[in-house]
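So that the names make sense, note that chain A is the first sequence line, chain B the second, and so on, each numbered from 1.
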There are 2 protein chains.
Amino acid sequence: MTRLLPLADEPAPERADAARNREAILTAALRLVETRGVGCVTMDTVAAEAGVGKGTLFRRFESREGLMAAVLNESETAWQARVISGPPPLGPGAPPLERLLAFGHSRMRVNVTHGDLIRAATGHDPVRSRAAAGFALMHVRHLLGQLEVTGDLRFLAFALLAPLEAMALEQQRVDGISLEQIERAWDDLVARVVG
Amino acid sequence: MTRLLPLADEPAPERADAARNREAILTAALRLVETRGVGCVTMDTVAAEAGVGKGTLFRRFESREGLMAAVLNESETAWQARVISGPPPLGPGAPPLERLLAFGHSRMRVNVTHGDLIRAATGHDPVRSRAAAGFALMHVRHLLGQLEVTGDLRFLAFALLAPLEAMALEQQRVDGISLEQIERAWDDLVARVVG
DNA sequence: CCTCGAAACGGACCGTGGTCCGTTTCTATT
DNA sequence: AATAGAAACGGACCACGGTCCGTTTCGAGG
């Protein structure tokens, strides 16, 4: 006996087969997504491709949405790393305003290129979405703080991010607004907000 | 023979039975939505309740999303009327800034109370969503114009509306921000934008 | 009133997301 | 190595959105 009571935040040790399967599923899902496109990837297909039962998919990733979020996370993490410790102006080292603008542009680009995947991963359940957007929210809020903006920074950060979200971009695109236009207009919005 | 060529924008005359059925479906859907809640209303249920076949539902309203949009539209229209010709400050007569603030608050309230229905009606398809948001977008843009704001009014209007959308509100709510906070912070945002 | 083509109807059918539960596999303990 | 029980597995099963197509109903000429 090694321990009497489980520590509260025990990292939930994962069984070997479980880990193996998770890896297989994620790999299969990624492959299928980038070959067939998000829309044509069914849970049955992924299960078959990964060589596991469908139940296993749903045990590890709650739902289709959750699986897509996991797939998305792979690239998202790399992007976050670039923001946190990459070269300026996206990474640290540049003045806050430049960083903020660079961040917005970068985020926009990410949201455009991964649009389909993001929409598939971002269901109508707001709780799940929160996690994904949390990082961006925190970062913008941080930069606004550095810029000595006054007011409800949490809301202002949210408001700046909202029109750059994948669905928002798509909506503006069908309204006939180009990405360049959005980029310029967003810079203008930032200028007004930081005062 | 009354006409040789159909006029280009002929309003597509509707057959009597079709009209009757549409009415029945809409009524049934509304009843079910407000008794059971949006989440528990299936297309089969609506069809049964309305006394029509499922195929009929999908002929008239494209999809579940479309049906919900139609249901939503009933109340949305009334709201639009209040904006266009109701008493100030929401309706005309008040100074533009007051109208803008009143509009934001009202829109927020609508988005909160009809949140479920809106989420059900607003699928991942951005094209459908555009129509619904179009009115609000146009109105805010109009008010910004009256306030002599310079810049890309279309984008600014969009940016002001985005954080008030149903899903955005829900997201902020789970982040622990109260509606009063949002309201105040939004007023502040407006002040910065109209400069 | 009859005719006839167009439009609408309706319900069997399908694909897909999600669940359930009997079976298998792992691993800590002795 | 044997044991036990917790965890994971997997595929049959279900519900719901959406389609298809043979049948019925409408209503404009005649």
Correct closest heavy-atom pair for A/F58 and A/R64 would be CE2-N, 4.3 Å
- A/H139 and A/R99: CA distance, side-chain angles, deciding distance, side-chain contact (heavy atoms from CB on, under 4.5 Å) verdict: CA-CA 10 Å; A/H139 188 66; A/R99 276 195 88 187; 3.5 Å; yes
For this session: Would you indicate what A/R22 reaches in the nucleic acid, counting non-hydrogen atoms under 4.0 angstrom: base, sugar-phosphate, or nothing?
Result: nothing
A/F58 CZ to C/dG17 P, in whole Å, measures 7 Å
Passes ring-ring contact (aromatic ring centres under 6.0 Å, His included), B/F103 versus B/W79? Steps please.
CA-CA 11 Å; B/F103 180 84; B/W79 178 73; 5.5 Å; yes
Rounded to whole Å, CZ of A/F61 lies from C1' of C/dG18 at a distance of 16 Å
One should read off an interatomic distance between B/F158 CZ and A/Q171 CD, to the nearest 0.5 angstrom, of 4.5 Å
In whole angstroms, the gap separating P of C/dT27 from CG of A/D17 amounts to 7 Å
Every protein N/O within reach of nucleotides 1-5 of chain C N/O, cut-off under 3.5 Å:
none

Between CG of B/L57 and C1' of D/dC16 the distance, given in whole Å, is 13 Å
Exercise. When you measure from the side chain of B/T56 to the backbone N and O of B/V52, does any donor-acceptor pair fall under 3.5 Å?
Worked result: no
B/R59 CZ to D/dT23 P, in whole Å, measures 16 Å
Side-chain atoms of B/A16 come closest, of C/dT27, D/dG27, D/dG18, to D/dG27
Residues of residues 24-47 of chain B with a heavy atom under 4.0 Å from any atom of DNA chain C, listed by number, are none
In whole angstroms, the gap separating P of C/dG18 from CZ of A/R60 amounts to 17 Å
The nucleotide from D/dA8, C/dG18, C/dA8 with an atom nearest the side chain of A/S63 is C/dG18
Taking the side chain from B/E98 and the backbone from B/P88, do they hold a donor-acceptor pair closer than 3.5 Å? no
Here the pair of heavy atoms bringing A/A133 nearest to A/R107 is CA-NH2, 4.5 Å
Between B/G55 and A/A19, the residue closer to the 5' end of DNA chain D by nearest nucleotide is A/A19
Separation of D/dC16 atom C1' from B/M68 atom CE, nearest Å, is 12 Å
### Query
Is the closest side-chain heavy-atom distance between A/D188 and B/D152 below 4.5 Å?
no
note: B/N21, atom CG; D/dC26, atom C1'; distance rounded to Å ~ 12 Å
Could you go through B/Q80 and B/E76, starting from their C-alpha distance and side-chain angles, then the distance that decides it, and tell me whether this counts as side-chain contact (heavy atoms from CB on, under 4.5 Å)? CA-CA 6 Å; B/Q80 292 184 7; B/E76 195 78 351; 3.9 Å; yes
